[in-house]
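Below is one structure, written out as C-alpha cells; comments come after it.
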Amino acid sequence: MTKKYITTAIPYMNGNPHIGHAMDYCLADVCARYLALSGNEVRFQAGTDEHGSKIAQKADELDVEVQTFVDEKAETFKEFIAKLGVSYTDFVRTTDEWHERRVQEIWRKLADHIYLAKYEGWYCTGCERFITDKEYEENGGVCPDHLKSYEKLEEENYYLRLSDFKGRLKKAIETDEMLILPDFRKKEILKLLEESPDMSISRPVTQLKWGVPVPDDPTQVMYVWVDALSNYITVLGYPEEDISGWWPAAAQFVGKDILRFHAIIWPAMLLGLGLPLPRVLVSHGMVLADGQKMSKSIGNVVDPNEVIDKHGIDAFRYFFLRHIDTFADSDFTWEKFENAYNNELANDLGNLVQRLATLASKNGIKLENETNVSKLSLEYQELMDKFEFAKAFDLTWEKVQGLNKRIDEEKPWELAKNGEKEKLGECLTTLIVDLLQANTELSPFLPEASKKIAAIFAGEIQPPTTPLFPKN
RNA sequence: CGCGGGGUAGAGCAGCCUGGUAGCUCGUUUGGCUCAUAACCAAAAGGUCGUUGGUUCAAAUCCAACCCCCGCAACCA
C-alpha cells in the first residue's frame, strides 16, 4: 500500500468558519477519500492556526484570556469540520505544546539561513503595524483609519534568507517537481518569487506576545506564518519522528490568497530543513455571492451552516465540488444551489435509486453476494489524479443519467407485464450493478448517500421509505 | 507600455494549441412514457462566437490593432 499525505490550510482563529474554509475541506476530503478508495494508505491533516497579534487583539476586545478565546474557537472549528464530514486522521492546534516545541526545533535547524537585522519603516501606532512606502505616499503620511501621522520606527527582526533557496525553488516550480495548480497561479508565483525579498520571520516581544518564542532569544517571538506552516510536518511528528513515509505530501490544498506563503516561504523552509517539497499545491479560488466578494460590510456573507442544514452535507459537498469551479473564483447563489439539488441530486440520482429499488422489490430481484462493484473507470481515475474533480464527477454523472435512459428504453415494467421473467431479471440486475458501479465513483463526493445506496441494494432490496434526496 | 486570465444562445461553460456544417448543462416550448421524488425519455426554439482589419478556397479557431471585464502586484479563505 502506498502512503499518501493530504493537507488542508489551517484556518486562522480570528473569525468563524466560513464558506471558503468549507471549500478547502471539501476538496481535500474528496482527494483523501479517492486515494483511500484506490488502495492507498492515507493520512489527512486538519488543524487550527491560533497565534498572532490579530487573535490576541480580538481576545482583548472581548476581554477574555487569549487561551480561553482560542480554545472556544478551536472547538467551533472542530464541530464545523465534523459537520462537513471531513475524514481527517490528524489534528493540530498551533497552541498544542508538542507543536510549539517542534516549531522551535525547526527554527534551530534553520539557523544557518536566519539572520538578525534592523528594519526601519513607517509605523501606525493605531494599526500596530508597519506600512509600505507606497501606502505611506497614497495616504499622505496619515493613517486613514486612525487619523494619526505615521511614525518612523526601527525594530530588530530575524530574517529568513530566501535568496539561499530561490534558484532551487524556481527550478522546482518550473519543472513541476512541486506542481502548482492551476497553471496561471504557477506563473504568478514564478514572477512573485523573483521579486521576493528576504522574509521577516519574527517580531519583538514588546509588539507581539502571543506566539512561539524564538529559541534562545527572549526578546523575539516567531512570526505567525513560520509557526503555522510548520504544522504540516509537526503533526506528523517531525523532527523526532521519521516522516519520510508520509512526506512529501501528495497534495496540499490552499486558498489562492495564501498560496504565496505555501509556494515560497514554506518550500524555502523545507529546503532549509533538507526535506523534499510537496508534490502538488492545489490553489482554489474564492466563493463569490452573486458575483461579488462576500464581506460583512456588504452583508452578503453566506453561512455554510445554513447551506448544510438546508439539504444535508452531501448536497453541500455536491454543489461545491461540481458547480463551484475548483480553481477560479465562482459564484454561490441559493437559486443555483436549489436547482442543482432538485434537478440533479433529487431528480437524476435520487429518483433513479427509487425507481430501480421499486422495480427490483416488486419483482423479487436480488443481487449475488459476491457482486464486485469496486472498480473505478480509467478516465475517472485520470481526472481525479489531475485534481479535475468536477470533470470526474461529470463523467460519473453521465452514467447515472444513462441509466435513467436505459430504463426508459428497456421498459422493464413491460417485461414484467408480459411475464418475461428471465429477461426482466437480467435487465434489472445489469442496471443495478451498473448503478452500484457508478455509486463507487460517487462515494468520495457523496459519502453518506453512497453508503445508503449500497445498503438499499444489498440483500433484500427495499425502496427507501424516505427518498434519498427529498424535495420540499 | 508591470505580469497573467477572459469576452461563444436567457444563465453557467466547452470548442481555439493541430483552421473546414457552433456544442454541453440549466432554463423555455412541445411530444412520449407510467417503474419512479409532478420524477424519467425524446424533440424543438434560441448565437452576426467583444469590435475592426488581415492571411486563407475556408477563421470562434491563425495574425494585427482596439474596446470591455477579472486575477496577481497589497497578511481578504
Side-chain angles (χ1 to χ4, degrees), chain A residues 8-12 14-25 49 52-54 129-132 134-135 138 182-192 194-196 200 223-225 228 253-261 265 283-288 291 293-296 304 322-325 327-331 333 335-336 339-340 342-363 390-391 394 397-398 401-417 424 427-428 431 463-464 466-472:
Chain A
T8 56
I10 54 175
Y12 198 55
N14 67 341
N16 284 321
H18 57 60
I19 221 143
H21 300 127
M23 176 92 192
D24 200 62
Y25 290 126
D49 182 8
S53 53
K54 281 186 187 165
R129 68 179 183 101
F130 282 95
I131 55 148
T132 59
K134 201 170 172 184
E135 214 175 334
E138 273 169 15
D183 192 58
F184 63 90
R185 296 286 173 218
K186 168 176 161 181
K187 285 179 189 151
E188 278 175 17
I189 290 296
L190 278 170
K191 171 96 171 138
L192 190 64
E194 303 273 336
E195 298 162 356
S196 294
S200 157
Y223 178 47
V224 66
W225 273 105
F253 290 85
V254 299
K256 67 171 189 181
D257 54 319
I258 53 170
L259 176 64
R260 61 188 46 228
F261 298 101
I265 301 168
S283 155
H284 60 255
M286 301 285 192
V287 181
L288 307 173
K293 211 157 110 175
M294 289 188 199
S295 87
K296 282 179 195 156
R322 191 176 186 206
H323 291 292
I324 294 284
D325 193 302
F327 301 116
D329 290 354
S330 67
D331 218 25
T333 65
E335 197 192 349
K336 284 182 189 173
N339 276 340
N342 287 324
N343 296 327
E344 295 165 15
L345 283 179
N347 294 352
D348 287 347
L349 180 60
N351 183 50
L352 171 65
V353 168
Q354 199 76 24
R355 63 198 299 213
L356 263 184
T358 306
L359 281 166
S361 148
K362 277 187 183 168
N363 297 292
K391 284 185 187 152
D394 281 346
W397 206 256
E398 276 172 29
Q401 290 174 315
L403 284 168
N404 271 322
K405 191 173 174 174
R406 267 166 59 195
I407 296 177
D408 273 50
E409 282 167 358
E410 293 174 22
K411 303 187 186 11
W413 54 91
E414 271 184 17
L415 296 178
K417 225 182 273 171
L424 176 66
C427 162
L428 287 178
L431 287 165
T466 46
L468 210 49
F469 297 102
K471 294 208 228 176
N472 13 9

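Note on naming: letters A, B, ... go to the chains in the order of the sequence lines (proteins, then strands), and numbering restarts at 1 for each one. Only this structure's heavy atoms are used, side chains among them; waters, hydrogens and symmetry mates stay out.
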I need a per-nucleotide contact map over nucleotides 26-33 of chain B, read 5' to 3'. Cutoff is protein heavy atoms under 4.0 Å; write B for the base, S for backbone only, - otherwise. SS----BS
Does Val287(A) reach a base, just sugar-phosphate, or nothing at all? Heavy atoms under 4.0 Å. base
Given RNA chain B, 5'-ward residue of the pair Thr358(A) and Gly20(A), judged by closest heavy atom: Thr358(A)
Which nucleotide in the list A39(B), C35(B), A77(B) gets nearest to the side chain of Asn351(A)? A39(B)
Secondary-structure string, 5' to 3', Watson-Crick or G-U under 3.5 Å, | for another-strand partners, for RNA chain B: .(((((((.[[[[.)....(..]]]].(((((.......))))).....[[[[[..)....]]]]])))))).....
Shortest non-hydrogen separation from Leu349(A) to Phe469(A) and the atoms involved: CD2-CE1, 3.9 Å
Rounded distance in Å - NE2 (His323(A)) to C1' (C24(B)): 13 Å
Should Lys186(A) be listed as having a side-chain N or O under 4.0 Å from OP1 or OP2 of G4(B)? no
Starting from P on C3(B), measure out to CD1 on Ile189(A) and report it in whole angstrom. 18 Å
Closest to the side chain of Asn404(A), out of C40(B), U37(B), C35(B), is C40(B)
Does atom NZ (Lys471(A)) have a neighbourhood of more than 12 heavy atoms from anything else shown, all under 6.0 Å? yes
For the side chain of Pro467(A), counting heavy atoms from C-beta on, which of U37(B), C40(B), C72(B) is nearest? U37(B)
Under 4.0 Å, counting only non-hydrogen atoms across every strand here, what does Leu468(A) touch: a base, just sugar-phosphate, or nothing? base
Under 3.5 Å, is there an N or O donor on one side and an acceptor on the other linking the side chain of Asn347(A) and the base of A39(B)? no
Quick check: closest heavy atoms across Pro182(A) and Ser283(A), and the distance to 0.1 Å? CD-O, 3.4 Å
Please give the distance between the C1' atoms of C24(B) and C70(B) as a whole number of Å. 24 Å
For Glu194(A) and G4(B), what is the distance between atoms CD and C1' respectively, to the nearest whole Å? 15 Å
Under 3.5 Å donor-acceptor, His284(A) side chain and Val254(A) backbone: yes
Please tell me if the side chains of Glu195(A) and Lys191(A) come closer than 4.5 Å, counting only heavy atoms from C-beta onward. yes
Does CD belonging to Glu335(A) count more than 12 external heavy atoms closer than 6.0 Å? no
What integer distance in Å separates Asp325(A):CG from C13(B):P? 8 Å
For Asp257(A) and C70(B), what is the distance between atoms CG and P respectively, to the nearest whole Å? 19 Å
How far, in whole Å, is A74(B) from C3(B) if one measures between their P atoms? 16 Å
Distance in angstrom units between Ile324(A) CD1 and A77(B) P, rounded: 17 Å
Euclidean distance for C1', A9(B) against U28(B) (whole angstrom): 12 Å
Between A14(B) and G46(B) - P atom distance, rounded Å: 25 Å
The side chain of Lys405(A) is closest to which nucleotide in this list: C41(B), C76(B), G5(B)? C41(B)
Compare every heavy atom of Asp325(A) with every heavy atom of Ala328(A), then report the nearest pair and how far apart it is. N-OD1, 3.0 Å
Given A77(B), A36(B), G71(B), identify the nucleotide with an atom nearest to the side chain of Arg185(A). G71(B)
Measuring only the P atom in each nucleotide, how far is U48(B) from A64(B)? A whole number of Å is fine. 27 Å
Does Asp408(A) offer a backbone N or O that forms a donor-acceptor pair with the side chain of Lys411(A) under 3.5 Å? yes
Whole angstrom is fine here: how far is it from CG in Asp394(A) over to P in G15(B)? 13 Å
Any donor and acceptor pair, going by atom type alone, linking the side chain of Asp329(A) with main-chain N or O of Val287(A) inside 3.5 Å? no
Remember a base hit wins even if backbone is also touched, and classify Lys191(A) as base, sugar-phosphate or nothing at under 4.0 Å, heavy atoms. sugar-phosphate
Is Ser330(A) close to Leu288(A) at the side-chain level, that is, under 4.5 Å between some pair of heavy atoms? no
Tell me: NZ of Lys256(A) to C1' of C70(B), nearest whole Å? 9 Å
Between G6(B) and C16(B), how many Å separate the two P atoms, rounded to a whole number? 12 Å
Heavy-atom donor-acceptor pair, Asp49(A) side chain to Pro11(A) backbone, under 3.5 Å: no
Pick the P atom in A60(B) and in C66(B), then give their distance to the nearest Å. 23 Å
Inter-nucleotide C1' distance (G32(B), U61(B)), Å rounded: 39 Å
Quick check: on RNA chain B, is the nucleotide nearest Gly402(A) upstream (toward 5') of the one nearest Gly350(A), or the reverse? Name the residue that is more 5'. Gly350(A)
